Amino acid sequence: MSSEPHSPQPALTISQRAMARAPGSSNRADGGNEHPWMMGLNDQQREAVEALDGPVLVLSGAGTGKTKVLTSRLAQLLVTGRAKPWEILSVTFTNKAAREMRDRTQLLIGPAAEGLRWLGTFHSTSAMILRRHAELVGLKPSFTVLDTDDQIRLMKQVIEAENIDQKRWTPRFLASLIDGWKNRALTPDKVPAEESFLFANGKGAKLYALYQSRLKVLNCVDFGDLLLETISLFLKEPDLLAEYHDRFKYILVDEYQDTNVAQYLWLRLLARKRKNICVVGDDDQSIYGWRGAEVDNILRFEHDFPGAKIIRLERNYRSTPHILAAASHLIASNKNRLGKTLWTEIPEGDRVLVRGIWDGEAEARLIADDIEQWRRTGRRYDESAVLVRASWQMRAFEERFLMLQIPYKVIGGPRFFERAEIRDAHAYLRLIRSLDDDLAFERIVNVPKRGIGDTSVQRLGTAARLAGVPLFTMASQLLGSDELKGPARTGLTRFIHQLEHWRKKSLELPHTELAELILDESGYTDMLKADKNPQSVSKLDNLKELVRSMGQFDTLAAYLEHIELVMDLDRTEEGDAVQILTLHAAKGLEWPLVFLPGWEEEVFPSRRALDEKGDKALEEERRLAYVGITRARESARISFAANRQIYGRWNSVLPSRFVDELPDGHVDAVSDTGYFNQGTGGAAERFAAYGPLSTQPGNGFGTGYESPGWKRAQAAAALGKLAPGMAKGFGGPIIDGEAKLLARTGAKDATYAVGQRIFHDKFGYGAVRHVEGSKLTIQFEKSGEKKVLDSFVSPA
DNA sequence: TCCGAGCCACTTTTT
DNA sequence: GTGGCTCGGA
């Protein structure tokens, strides 16, 4: 941290000048006399930056410059001397957001931003506080932070110990319950009886209590505890809280709409005295309710902090008017919101495109074609993104992109540190750090196989618990007796000796070399090398990556501390590629061209969400749709299919109700009939059975079809006798009565001659060798000779 | 103790 | 369609 004095008017760096002229700069004439970070702010942003004292709620709509306000505010606090860097508490939800805030503040004011020690996530900040006062809540300062996987394994033990049927009551379910309780800041004694009954006939709270005491014994906390223990620390030690009140003169909170009850209490405790709390968020982008976030926190802010100043950022610097209008109209269907009116000065662009297609594959083809088209006009792949509701939807796009050799990048997915091999390696390293780390011990005592089976581990565990000693200690003792026999004994002896050997080595070797040594000597790499599973190659790569990433830290301890809290590495893979990600992961990001596939009932809105939480979930799904549309700068392209394969089963699906909630004037609706003509046989007949000629009841989705769009579609299609839902999408225009029907050229009703060059979706280019009715024999350039139906190829 | 066959369940995901 | 998990046999 730096205590360097800072000049009130630092010289402008190039980046500062550039930022001042960033798009969205206001035209204020007095910019010259101002602090550089104030230049280029519009009136509302300026107000948000200048309202330093007292509670402030900044309602920041999508694309309205939220981060700019947050960082300018930090700059303002620091450079005007209102607070030293270490007197400002800034909390974010993710490490990425924290990093960005730090970097951008530094960009604004340079060295004056150094020493922002209390800029971090709720969890990392809590961990910092807890480590200082661990003993006050019954922990040692060296406590370990468990991740979900460790949590579940621990719960499994607790459930086992209580003789509860693990199939009926899964550890995972208990974990989600406890997680939910912790999100709501409920300690075991506060869990409502009826909720306790959600698990094992009323044992929920008891198991929760047992789990907590196990954590304490192991000197561990889980993520929820970081917050809860900090809260209870403050409640227990008012003097300590007072110290923090003195320390934190100003509090800044990012993404306030995502805070849960525990985070809310945490903030309220810390803000209680000075009330200099500024929260920034957007109720319309609250999409983490399923994880405990309470939209109510933001809706209630005014009530919680009387006299709070509310500032709305409504000028959008990202999207064209049509995109904004479509999103705004859609979100207006939500009742539970504070309400904002986004506007922009960006010139009018394309309308939002809504397309109905035959099935998921057709959708992937359509989008891939669009991207190639986009690319042909000189644009980049990484200017486009495909945003899906659930990750299983990604595969269709990956397959299609692979086939067409369109570079793509899946964002999110299984995280590096959650991979089994990485967690195994960490378990070894954790044991080097502390032989008492029972969870680590247990994880790898038989990985790779050492002949120490479940029964042996079980016996060891019981003995250790009885004696009240760690597993390692008990194991060493057992080897002294003749309790264990056979391969288990040999294996365990060797393992214990190895651990001692590695610990000695850890004193002489750099930690990266130690890691390599352990992976080698333990037989872990050999195990992977011997594994015929093709994935083991990438596992080995991951381990190499792990060792490399360890090199960024000075010591093993520093490395472990970092990954336990951050669970993320700065992996900057550059490259021009289409991004594929979930709508959740897309929040906060933007692209010129955004595809929003799978807008079908049951997929989006997700049926499970609706089943579980009903109307509340529907509003959240709608917010997700809003987030999706507002990611687009130039073009948003929504699509839905008539048929979709879900878990290997073909389903007829209906367009999402959200499609109908889009405003007529800002949407181009296209039912691409070319796709339906192209099929012959099965596909075409299936479509006929589904389409306007047959009548089926609308699956009970009676409500939600009162919108003008739907009514117009009914009228326009003159399909009055059809059930709602069935007529939608495919008989003709979906929403816009004047929608144009695109016909795909080339594919339909083509006949083929021997020698003709063709294209097949799966096999690529080839030449026709033989024709027999609709059956073609094709010599493919890449995959050899195959017989295919003519409906699957098109002239090349 | 280990390994393979059958069974089931399966959103979203950060810390 | 797929992977993770359990159970039964070697």
Side-chain angles (χ1 to χ4, degrees), chain A residues 91-98 120-127 145-152 156 165-167 170-173 176 179 182-183 221-228 255 258-260 262-263 286-293 360 387-396 399 411-415 417-418 420 446 448-458 485-488 490-491 533 535 562-568 581-588 598 602-613 617 620-621 623-625 627-628 645-650:
Chain A
V91 275
T92 62
F93 212 63
T94 65
N95 291 299
K96 191 174 155 223
T121 64
F122 279 100
H123 292 88
S124 65
T125 308
S126 296
V145 183
L146 299 189
D147 61 21
T148 327
D149 202 82
D150 285 328
Q151 263 182 67
I152 287 176
K156 196 170 169 184
D165 178 10
Q166 281 199 45
K167 272 198 232 139
T170 63
R172 184 171 293 278
F173 180 55
S176 74
D179 221 43
K182 288 187 174 174
N183 284 337
V221 296
D222 61 23
F223 286 121
D225 285 341
L226 286 171
L227 290 156
L228 274 194
E255 304 275 21
D258 285 336
T259 52
N260 59 32
Q263 285 154 340
S286 168
I287 54 175
Y288 286 105
W290 51 274
R291 217 168 63 187
L387 312 185
V388 297
R389 176 62 181 88
S391 38
W392 57 262
Q393 295 170 266
M394 293 178 177
R395 207 176 54 193
E399 280 172 5
I411 299 178
R415 317 203 136 267
F417 288 115
E418 280 164 20
N446 200 31
K449 299 262 182 285
R450 297 187 175 90
I452 308 161
D454 282 348
T455 30
S456 306
V457 176
Q458 209 94 128
K485 297 203 169 56
T490 342
N533 190 324
Q535 284 180 345
H562 177 80
I563 53 128
E564 276 167 2
L565 271 173
V566 177
M567 295 295 286
D568 196 17
L581 59 162
T582 63
L583 286 160
H584 283 91
K587 191 171 73 160
E602 316 242 310
V603 175
F604 186 42
S606 140
R607 192 178 77 134
R608 269 190 78 125
L610 263 41
D611 284 352
E612 275 169 31
K613 294 241 176 106
E620 183 155 314
E621 295 284 303
R623 290 194 290 267
L624 207 44
V627 167
Q645 206 175 10
I646 302 172
Y647 302 136
R649 215 185 226 98
W650 280 100

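This one's a predicted model, so the numbers in the text were calculated from it and none came from an experiment. Computation of the quantities below employed the complete heavy-atom set of this structure, encompassing side-chain atoms and omitting hydrogens, waters and symmetry-equivalent molecules.
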Report the nucleotide, chosen from [options], that has the shortest atom-to-atom distance to any side-chain atom of [X].
X: A:Phe223; options: B:dC2, C:dG1, B:dT15; value: B:dT15
X: A:Arg395; options: C:dG1, B:dT15, B:dT13; value: C:dG1
X: A:His584; options: B:dT12, B:dT1, C:dG1; value: B:dT12
X: A:Thr455; options: B:dT14, B:dT1, B:dT15; value: B:dT1

Which part of the nucleic acid, if any, lies within contact of [X], taking any heavy atom under 4.0 Å across all strands shown: a base, the sugar-phosphate backbone alone, or nothing?
X: A:Asn446; result: sugar-phosphate
X: A:Ser456; result: sugar-phosphate
X: A:Asp454; result: sugar-phosphate

Write down the distance between [atom1] ([X]) and [atom2] ([N]), rounded to a whole number of angstrom.
X: A:Gln458; N: B:dT1; atom1: CD; atom2: C1'; answer: 14 Å
X: A:Gln263; N: B:dT15; atom1: CD; atom2: C1'; answer: 9 Å
X: A:Leu226; N: B:dT15; atom1: CG; atom2: P; answer: 12 Å
X: A:Lys449; N: B:dC3; atom1: NZ; atom2: P; answer: 6 Å
X: A:Phe93; N: B:dT14; atom1: CZ; atom2: C1'; answer: 6 Å
X: A:Met394; N: B:dT12; atom1: CE; atom2: P; answer: 8 Å
X: A:Gln151; N: B:dT15; atom1: CD; atom2: P; answer: 15 Å
X: A:Asp222; N: B:dT13; atom1: CG; atom2: P; answer: 21 Å

So which atom in [X] and which in [Y] form the shortest heavy-atom distance, rounded to 0.1 Å?
X: A:Arg389; Y: A:Val603; value: CG-O, 3.4 Å
X: A:Met394; Y: A:Ile411; value: CE-O, 4.4 Å
X: A:Leu227; Y: A:His123; value: CD1-NE2, 3.6 Å

| field | Distance below 4.0 Å between A:Asn260 side-chain N/O and B:dT14 OP1 or OP2 | value |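 So the side-chain polar atoms of A:Asn260 never come under 4.0 Å of the phosphate oxygens OP1 or OP2 of B:dT14.
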| field | Short side-chain N/O contact from A:Asn95 to OP1 or OP2 of B:dT14, under 4.0 Å | value | no
| task | Fit a plane to each ring of A:Tyr288 and A:His584, take the angle between them on a 0 to 90° scale, and name the class: parallel (under 30°), tilted (30 to 60°) or perpendicular (over 60°). | result |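 Aromatic pair A:Tyr288/A:His584 classed tilted.
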| Which class fits the ring pair A:Tyr647 and A:Trp392: parallel under 30°, tilted 30 to 60°, perpendicular over 60°? | tilted
Can you give me the N/O atom pairs linking the protein to nucleotides 6-11 of chain B at distances under 3.5 Å, or say none if there are none?
residue : atom : partner  : partner atom : Å
B:dT11  : OP1  : A:Tyr647 : OH           : 2.5
B:dT11  : O4   : A:Glu612 : OE1          : 3.3

| said: Are more than 12 heavy atoms, taken from residues, nucleotides or ligands other than A:Asp611, located less than 6.0 Å from that residue's CG atom? | reply: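 Correct, the count exceeds 12.
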| said: Test side chain to side chain contact (heavy atoms under 4.5 Å, CB included) on A:Leu565 and A:Leu226; report intermediate values, then the result. | reply: CA-CA 10 Å; A:Leu565 271 173; A:Leu226 286 171; 3.9 Å; yes
